[in-house]
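One structure is given below, encoded as structure tokens.
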Amino acid sequence: MSFKILFEMFPIALMFAAPIIIASLGGLFSERSGIVNIALEGIMMVGAFAAATVTVLLEGSTPLASWLGLTAGLAAGLIFSLLHAAASINLKANQVISGTALNILAGGLTVYLCQIIFRQQRTRAFSNGIQKMSVPLLEDIPVVGRMFFSGNYPTFYISIFLVLATWFLVYKTPFGLRMRSCGEHPQAAASMGINVSLMRYIGVLASGALGGLAGGVMVLTADIQYTLVTIHGTGFIALASLVFGKWNPFGVLGAGLFFGFSTALSFYAKDIPGMSSLPGEFFYALPYILTIVALVVFAGKAVGPKAAGEIYDSGKR
Amino acid sequence: MIFVSRPLSRVAFFLALVVYWEPIKVTTGGRAVGYIIEMLNITKDFPGIRANDNITLQVQESSIHALLGENGAGKSTLMSILFGLYAPDGGTIKIRGKEARIADPNAATQLGIGMVHQHFKLVQGFTVTENIILGSEPTRGPFIDIKKAQEKVLSLSKLYGLSVDPGAKIEDITVGMQQRVEILKMLFRDAEILIFDEPTAVLTPQEIHELIQIMRRLVAEGKTIVLITHKLKEIKEVADTCTVLRRGKLVGTVGVADTSEERMAEMMVGREVNFHVGKAQAVTGEVLLRIEKLNVKNAKGVLGVKNLSLEIKAGEILGLCGIDGNGQTDLVHAITGLAKAEDGKIFLRGKEITNLSIIQRLDLGLGHIPEDRHRHGLVLDFNLDENLVVHDYFRFPYAHLGILNKKAIKDNAQRLIKEFDVRSGQGAATPTRSMSGGNQQKAIVAREIDRSPDVFIVAQPTRGLDVGAIEYIHSRIVAERDKGKAILLVSLELDEILDVSDRIAVIYGGEIVGTVSARETNENELGLMMSGSVRQSAKGGKA
């Protein structure tokens, strides 16, 4: 394939990679603290809805509307994830069922709110989402500059920053050590005076905030309004990236880029010699097929946090 | 836990307020000093049972104080109160003469109390250092100062003779080293009082020896140790004072130097205890279990049992001893059908069972007391009576025409509970998860011995049991032998192997490195063979 197509693909691939990476980091916080969060999909939907709504409503009055939208997405995701935290930590509910319930709830809730606010089953379209940008100086670097620093969405840089911040937080600080211990052996953590429930609350709420942010990023870069299908499984792809990336921020970055490119491929396949003969639907399906393949291949082998998904019982022998 | 502890701590707080004025009276009364821990008239109730009834425990500074009692005597409850896991319903705790309210483990840590748990509380994927610093990490700026942490760990390990590799992951180090990490965790938090909960249960004889040296060293450096145990030999060897509990009540506190083991056992059990298994010379018959060139893969996918052959005759007990993890588990799993044999053959009464299903093996006369009682011994969320018919629930009289007969199941349970003295809160209807470890074990032993199988695989039958229960179970195993059954006894306790077995096979690296007669060997010879230093013994002959 020619380099031109590759260069064109980069902004699109990075645009799709950003929300996957951010949501996946959210999943990392939750699972490292010991709570499986398959509600990422639903959290992203709620985040996307809130981001789109705030952007639409504030667009006329402030140039920062889309950034306020992102903040709203983050806050909405955080609040929504409280439901999962309360169900799985306080009420000791099965985390998969609670997550599934949230995923179902998110669809109904967002469409219902759209109906109330906009009198239709989707938000009104916003005229400007987040704008592409180029990084001065860095964009002049040969090859790399064109790939990563020219005509990209700033959300990708946010996702890179979050990867680094997560890595430091999880692997280098006392907080990270304590949070990971809650995901591996909560009884051991508790015996060292660590408040397991609090750590898990922080983990789930962080996943809510990041998931909501990811939803906002997705709707404000890849769409023009929030609809029921805006997120279309990206939350589940983020979960697959988490497994693929072995619960490590850098692994998640790699997996997110991989899925971002496989999504971008569906737009460019017709221009790439050798791929153009395959039906376009194949490439649309590709990210999801890869998700399933990744989950099946890595399911048994990947070593996630040992106690993730287990209900914490302080008296367990 | 949150919901439970709040009202309890409120009660404790109230109590603390009420008795707050007492220290003044005491000091004016001129109490003898020197006790670092005083637990006075402690009472603790659980639903349906009074776990601690007016117990007083006074521990001298810089001494080793043993807390002796049967399973369920209330030792762990008492120490959990001291460590802040439970709030007492009555009584006073004083640390260094000062009244203390210990609401949670953090408060205990503040007072310099640390607990070395029986089941290690270590995070497998973390390094030794990470486990030690968890919860009180030294920092530089916002980050963990791992270098400073390692230096402190190393200096502590040097001071107390606790050799560890600070950078190794827990999953890669031996059980003995894991225990040293547990101890270091407490020392890292400047604990002055160390509670050891059954510390030798999981150790090899050599590791026990090392641990005893470490405990002496700790006391020499001014630490105080409370040792929870039911092993009299260890108390005799290491402790200064011994407090005995029985069924939640205080029996007495004695000096160890001037009290015999027999006397302490009597105090604990409430009657005289026979230490040595009384048994006649074995009268052996035909070979009931024969294993030929068996190879078994272990959990890691490598051969855990290599080319192993052995025979057990009717009327004999073959003891299999070895350091934990040398293939005992894989061998037992292959015989019982929990694991598949790669190669080789297993015969029961001359019939090959190598590839039969577990139920077929059981029907042919195989019995099994599993090593891991939680994984293979019990359905923890079932009641005791259901667990006791787990083999035969579908047979008459427990089931008729496909319907369970609850009454027959309950009657069976009541018979076994009585015969084997299985203690539980609600009798036959007790959920097994809520029973103490020792009583869970008794339930399994009762079920299996009651079936009286021809070939009986007995793995760690007395792990976590007290002398009274051990005595009874040993006598029942010998009685099975005398009925002409073939018994394979797998144990990490050398005393048990030596006492109960007729012949002893030593396993090392998945191979039998020697077989000796139990009468003609001793702990030293076995210890050397277990560590692989001596490969073949002249005595005994082919296993």
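Small disclaimer: the values here were computed from a predicted structure and weren't measured. We name chains A, B, ... by the order of the sequence lines, and we start the count at 1 in each one.
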Within a reach of under 6.0 Å around [atom1] of [X], are more than 12 heavy atoms found that belong to other residues, nucleotides or ligands?
X	atom1	result
A:Ile97	CD1	no
A:Leu91	CG	yes
B:Phe382	CZ	no

Residue B:Asp104 versus chain A: region with a heavy atom under 4.5 Å: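 Neither part.
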
Pairs of heavy atoms under 4.5 Å with chain B: top-ranked of A:Ala307, A:Ala189, A:Pro174: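 Highest number of pairs under 4.5 Å: A:Pro174.
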
Engaged part of A:Leu177 at the chain B interface, taking heavy atoms whose separation is under 4.5 Å: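 For A:Leu177, backbone and side chain are both near chain B.
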
Step-by-step side chain to side chain contact (heavy atoms under 4.5 Å, CB included) determination, B:Lys121 to A:Met192: CA-CA 9 Å; B:Lys121 296 193 184 279; A:Met192 304 307 273; over 6 Å; no

Residues of residues 122-150 of chain B contacting chain A, heavy-atom criterion under 4.5 Å, by residue number: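 Within residues 122-150 of chain B, the residues under 4.5 Å from chain A are B:Leu122, B:Val123, B:Gln124, B:Phe126, B:Glu130, B:Asn131, B:Ile132, B:Ile133, B:Leu134, B:Gly135, B:Ser136, B:Glu137, B:Thr139, B:Pro142, B:Phe143, B:Ile144.
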
